[in-house]
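What follows is one structure encoded as structure tokens, with my remarks underneath.
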Protein chains: 2
Amino acid sequence: MTSQAQQSQANDIPEEINGLRMTRQRQEIYKLLMGERCHPTANEVFMRIKEFLPNISLATVYNCLEALVQHHIIRQVNFDREPSRYCPNLDEHGHFHDEATGTIHDIKFKPGINLTDLLDLPPNTVIKDIEITLRGQLSAS
Amino acid sequence: MTSQAQQSQANDIPEEINGLRMTRQRQEIYKLLMGERCHPTANEVFMRIKEFLPNISLATVYNCLEALVQHHIIRQVNFDREPSRYCPNLDEHGHFHDEATGTIHDIKFKPGINLTDLLDLPPNTVIKDIEITLRGQLSAS
DNA sequence: GTGGGAAATTAGAATCATTCTCAATTAGAT
DNA sequence: ATCTAATTGAGAATGATTCTAATTTCCCAC
């Protein structure tokens, strides 16, 4: 697309991902998530995104996040009953919740590990999703 | 109430567990959970417990469940943003959520498995709790 | 370009699990 | 029996999320 594309400010996000039309709001939210890898809540996204989209509503933030999750562009992460958090890392990974600081860290699995091999699953089980969550402290080194 | 053993109907639950005084309400709720190993929600507990304690309030069910969780007598289990469920199984185990029926199954780990060995944890991490949740279907055998 | 229908956005109301408040009751110790 | 702290119960409050209904925007055919 040579001629000055009718592309919005969000110039590095394609106009469609996984069949989801990337509107300006979806682009900005996606960019925000990619930028800070900090697993923000919907409300945190809402507050930060206002810098770029001053008129956005919280409902739109929820709508966009849900659309992105549904189209497997981001992941939704839940810790107990806390507000949902959103994560742009699509690799299979777990999450560590540092109780001291409240921060979330992605946890990779060691190479060659297949979680389902380690579990005593009932026969004929089709697993669609696995979630691993750790809670604890990152002791001062 | 006349003399006699001041023991309530719940005659097989001790008067104290892990330092928690087992009031009638706590006993009945604990018994219910032990009986049906079905991971009920607070509201399900509330509805079923009325058979034995017709005057109990939902707030008390929440209070009791929280007290039991706090004293490590039962576990609280969360699936995404669904209402919390409660589980009397204290062994380390995961949970499989069958999307077809909505039922929850406890998942044991295969013998000799230590989860943390398989994860690429940051150094100096003290893990207090691990949660593993699977979602999928139990295909008709 | 213009018009029409579908999709997306918005603000605010509604929902619902959970927590809070506070008065009444109960239990355990003195 | 009395005192004090813990527990219970009813209803109100909270807060994350979803819903509703009214615009607004987008895309496509003409």
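Each chain gets a letter, A, B and so on, in the order its sequence line appears, and its residues count up from 1.
- For A:Arg21, whose side chain is taken as the heavy atoms from C-beta onward, the closest listed nucleotide among C:dA17, C:dT10, C:dA7 is C:dA7.
- Atom P of nucleotide C:dA8 and atom CG of A:Leu65 are separated by 15 Å, given to the nearest angstrom.
- B:Lys50 has its NZ atom 12 Å from the P atom of D:dG9, to the nearest Å.
- Taking all atoms of both residues into account, the shortest heavy-atom contact from A:Asn89 to A:His93 is O-CE1, 3.0 Å.
- Between the P atom of D:dT7 and the CG atom of B:Leu53 lies a distance of 16 Å, rounded to the nearest Å.
- Distance CD (A:Gln70) to P (C:dA7): 15 Å, rounded to an integer number of Å.
- For the OP1/OP2 pair of D:dG11 and a distance below 4.0 Å, the side-chain nitrogens and oxygens of B:Ser57 include no atom meeting the criterion.
- One atom, CD of B:Glu28, and another, P of D:dT7, lie 17 Å apart when rounded to the nearest Å.
- Set against C:dA8, D:dT8, C:dA17, the side chain of B:Thr60 has D:dT8 as its closest nucleotide.
- Comparing B:Asn78 and A:Gln25 by the nucleotide of DNA chain C whose heavy atom lies nearest to each, the residue mapping closer to the 5' end is A:Gln25.
- Considering only the side chain of B:Pro83, C:dT18 comes nearest among C:dT18, D:dT8, D:dT17.
- Following rounding to the nearest Å, B:Phe46 (CZ) and C:dA17 (P) show an atom-to-atom distance of 13 Å.
- For A:Ala59, the side-chain atoms get nearest to C:dA11 when compared with the rest of C:dT18, C:dA11, C:dT9.
- Rounded to whole angstrom, the span from the CG atom of B:Asp80 across to the P atom of D:dT18 amounts to 11 Å.
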| request: List the steps, then state whether side chain to side chain contact (heavy atoms under 4.5 Å, CB included) holds for B:Leu115 with B:Ile132. | output: CA-CA 10 Å; B:Leu115 263 303; B:Ile132 298 203; 3.7 Å; yes
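- Considering CE of B:Met22 and CD1 of B:Ile13, their distance stands at 6.0 Å, rounded to 0.5 Å.
- Taking only side-chain nitrogens and oxygens, B:Arg26 comes nearer than 4.0 Å to OP1 or OP2 of D:dT7.
- Computed from coordinates, the B:Glu82 CD to D:dT17 P distance equals 14 Å when rounded to whole Å.
- Residue A:Tyr62 places no side-chain N or O under 4.0 Å from the OP1 or OP2 atom of D:dT18.
- The side chain of B:Ser84 lies closest to C:dT18, out of C:dT18, D:dT8, D:dT17.
- Of the two residues contacting DNA chain D, namely B:Ile56 and B:Arg81, the nearest-nucleotide position lying further toward the 5' end is that of B:Ile56.
- Note on A:Asn55: only backbone sugar-phosphate atoms sit closer than 4.0 angstrom, heavy atoms only; bases stay farther off.
- The 5' end of DNA chain C is approached more closely, in terms of each residue's nearest nucleotide, by A:Thr23 than by the other of B:Glu66 and A:Thr23.
- In the set C:dT18, D:dT7, D:dT18, the nucleotide with an atom closest to the side chain of B:Leu58 is C:dT18.
- Hydrophobic clustering (ILVMFWY, side-chain heavy atoms < 4.5 Å, transitive): B:Phe79 and A:Leu119 are in distinct clusters.
- B:Asn18 CG to B:Leu68 CG: the interatomic distance, rounded to the nearest 0.5 Å, is 10.0 Å.
- With C:dT10, D:dA16, C:dT18 as the choices, the nucleotide that has an atom nearest any side-chain atom of A:Asn63 turns out to be C:dT10.
- Aromatic ring pairs are classed by plane angle as parallel below 30°, tilted from 30° to 60° and perpendicular above 60°; the pair A:His95 and A:His39 is perpendicular.
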